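Everything quoted here is computed from the prediction, not taken from an experiment. Numbering of ligands and ligand atoms starts at 1, following listing order. Note that the numbering runs from 1 along the sequence shown for the chain.
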Amino acid sequence: MIVTTAELFKVAYGKFAIGAYNINNMEQALGLFQGHIAAQAPFIVQISKGARKYAGIPMIEAIIRAAEKMYPEVIFAVHLDHGDEQSCYDCINSGFYSSVMIDASHEPFEKNVEITRRVVEAAHAKGLSVEAEIGQLGGVEEDVKVDEKNAHLTDPHEAKAFVEQSGCDSLAVAIGTSHGAYKFKGQQSLHFEVIEAIQRLLPGFPLVMHGSSSVPQEEVLRINAAGGQLDPSARGVDENELLRAAALGVTKINIDTDGRLVWTRVHREFFRDTPKEFDFRPVGRIFVSEYAKFIAARSEKLGSAGKLAEVRAAVA
Ligand code: G3H
Ligand code: 13P
Ligand code: ZN
């Protein structure tokens with residue numbers, strides 16, 4: 001069942017986080033839905049502009065509708081990830097999405113407010129909610145390259161002013177993460193002092209953490225042992241910090257890279273070990289099962305595992 005993102009946030013706020021996973025193809029959808037059934041967890045499926053272009057808009061939407069039909073017990077929301085103004089309007093008007101993200105974080109504060117306000121007006125008129133972003137993460141965000149050293153943490157007072165002026169329903173904040181596999185140098189952690197300060201100024205308001213993959217070391221080592229050339233210093237978010245962030249109002253946690261790592265490890269190992277194979281279904285089945293296992297395990301760390309019944313009761 002597709003529900004609104006707002007409904008999921010209402011149940012989760014301060015208690016657990018909803019995992020938001022990007023999808024691009026059928027195998028990811030199968031693993032995502034099967035993993036969430038195993039964990040009995042609600043979730044958010046998110047579609048980036050890149051995914052809409054890669055699969056084609058009718059195809060990516062049809063994959064999600066088909067998964068909903070195949071797994072009627074799941075409860076999830078559908079979200080546009082890192083939208084620009086036009087893609088937000090397209091999704092708002094399509095009738096398929098639960099919420100959109102307008103990412104004008106690269107713009108100056110006033111311009112970001114102005115663009116976000118326009119999207120909020122259009123979205124609210126159709127019953128959708130809007131995620132916005134201030135403060136820039138490091139790494140690569142769609143086509144915007146943010147140099148690591150220019151990435152800055154969100155100013156809590158700016159966050160409060162932005163929410164008040166833009167009317168957005170949730171806010172992506174820069175709290176130490178970045179997109180991709182190379183988030184941290186050495187032992188680093190989330191900036192809990194910043195999350196706490198934002199929550200103090202915006203109590204009850206859902207915060208979003210992008211770039212939340214944990215980049216498991218074992219995954220990187222296995223990929224490299226099977227011919228990959230990932231930098232072994234790749235580091236992600238400690239998955240044991242996710243629930244602590246959730247308690248402070250981080251209600252949506254975006255994870256994409258970890259799924260790509262599962263895909264890469266499974267395919268590299270499979271074709272290394274079976275060099276004569278050219279049927280893509282055996283390896284596809286392994287990926288679906290491994291991705292489902294990853295999703296179920298991550299749901300435990302987000303605290304969303306076992307929460308399906310509570311969400312079902314709340315949306316009934
Ligand atoms: O934050 C971006 C997501 O990882 C989506 O990536 O734009 O390559 O689909 P993508
Ligand atoms: P990662 O790819 O670093 O997990 O980030 C995902 C994300 O923020 C999608 O918006
Ligand atoms: Zn992101």
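Only the side chain of H82 comes within 4.0 Å of ligand 1, counting heavy atoms alone; its backbone N, CA, C and O stay farther away. Contact annotation: for I255 versus ligand 2, heavy atoms closer than 4.0 Å belong to the backbone alone. When heavy-atom distances to ligand 2 are checked against a 4.0 Å cut-off, H82 comes that close only through its side chain, counted from C-beta outward. No part of D258 comes within 4.0 Å of ligand 2, judged by heavy-atom distances. Contacts between D81 and ligand 1, counted as non-hydrogen atom pairs separated by less than 4.0 Å, involve the side chain only.
Computed with the Zn ion (ligand 3) at the centre, the H82 NE2 to H179 NE2 angle is 100°, stated to 10 degrees.
Residue N22 has at least one heavy-atom neighbour below 4.0 Å for each of these atoms of ligand 1: 3 (C), 5 (C). Residue contact check: N22 has heavy atoms under 4.0 Å from atoms 9 (C) of ligand 2. Near D256, meaning under 4.0 Å from one of its heavy atoms, ligand 1 places the atoms 3 (C), 4 (O), 5 (C), 6 (O). Below 4.0 Å from some heavy atom of H210 lie the following atoms of ligand 2, by number and element: 8 (O), 10 (O).
Closest heavy-atom approach to atom 8 (O) of ligand 2 within the set G236, G211, A181, S214: this belongs to G211. Scanning I253, D256, D81 for the heavy atom closest to atom 9 (C) of ligand 2 points to D81. For the residues A20, G50, S48, the heavy atom positioned nearest atom 9 (O) of ligand 1 is part of S48.
Between N24 and ligand 1, a contact under 3.5 Å exists for no N or O pair. The N/O atoms of S213, backbone and side chain alike, include one that comes under 3.5 Å of an N/O atom in ligand 2.
Taking the side chain to side chain contact (heavy atoms under 4.5 Å, CB included) definition, one finds that Q229 meets it with nothing, sequence neighbours left out.
No continuous path of hydrophobic side-chain contacts links I57 to Y89 [ILVMFWY only; heavy atoms under 4.5 Å]. Tracing side-chain contacts under 4.5 Å through hydrophobic residues (I, L, V, M, F, W, Y), one reaches I47 starting from V130; they form part of the same cluster. When hydrophobic clusters are built by joining Ile, Leu, Val, Met, Phe, Trp and Tyr residues whose side-chain heavy atoms come closer than 4.5 Å, directly or via intermediates, F33 is grouped together with I255. Hydrophobic cluster membership is shared by I253 and L248, with clusters built from Ile, Leu, Val, Met, Phe, Trp and Tyr side chains linked at under 4.5 angstrom.
A salt bridge is absent between E114 and K111; no separation between the charged side-chain nitrogens and carboxylate oxygens falls under 4.0 Å.
A distance of 9.0 Å separates CG in L308 from CZ in F43, rounded to the nearest 0.5 Å. Between L8 atom CG and T251 atom OG1 the span is 10.5 Å, to the nearest 0.5 Å.
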Starting from the C-alpha separation in whole Å, work towards a yes-or-no answer on ring pair (Phe, Tyr, Trp, His ring centres under 6.0 Å) for F270 and F287.
CA-CA 10 Å; F270 181 84; F287 169 71; over 10 Å; no

Verify side chain to side chain donor-acceptor pair (under 3.5 Å) between Q34 and Y71, making sure each step is shown before the conclusion.
CA-CA 8 Å; Q34 290 174 14; Y71 306 104; 2.9 Å; yes

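Assignment of R260 to the shell around ligand 1 is supported, since a heavy atom sits closer than 4.0 Å. Using a 4.0 Å heavy-atom cutoff, Q46 is listed among the residues neighbouring ligand 2. Ligand 2 has K183 within reach: a non-hydrogen atom of the residue lies less than 4.0 Å from it.
Nearest protein heavy-atom neighbour of atom 2 (O) of ligand 2: T257 OG1, 2.6 Å.
Between F280 and E27 there is no side-chain heavy-atom pair separated by less than 4.5 Å.
Take the N/O/S atoms of H210: the one nearest the Zn ion (ligand 3) is ND1.
Among N22, D256, T5, the one residue that satisfies the side chain to side chain donor-acceptor pair (under 3.5 Å) test with Q46 is N22.
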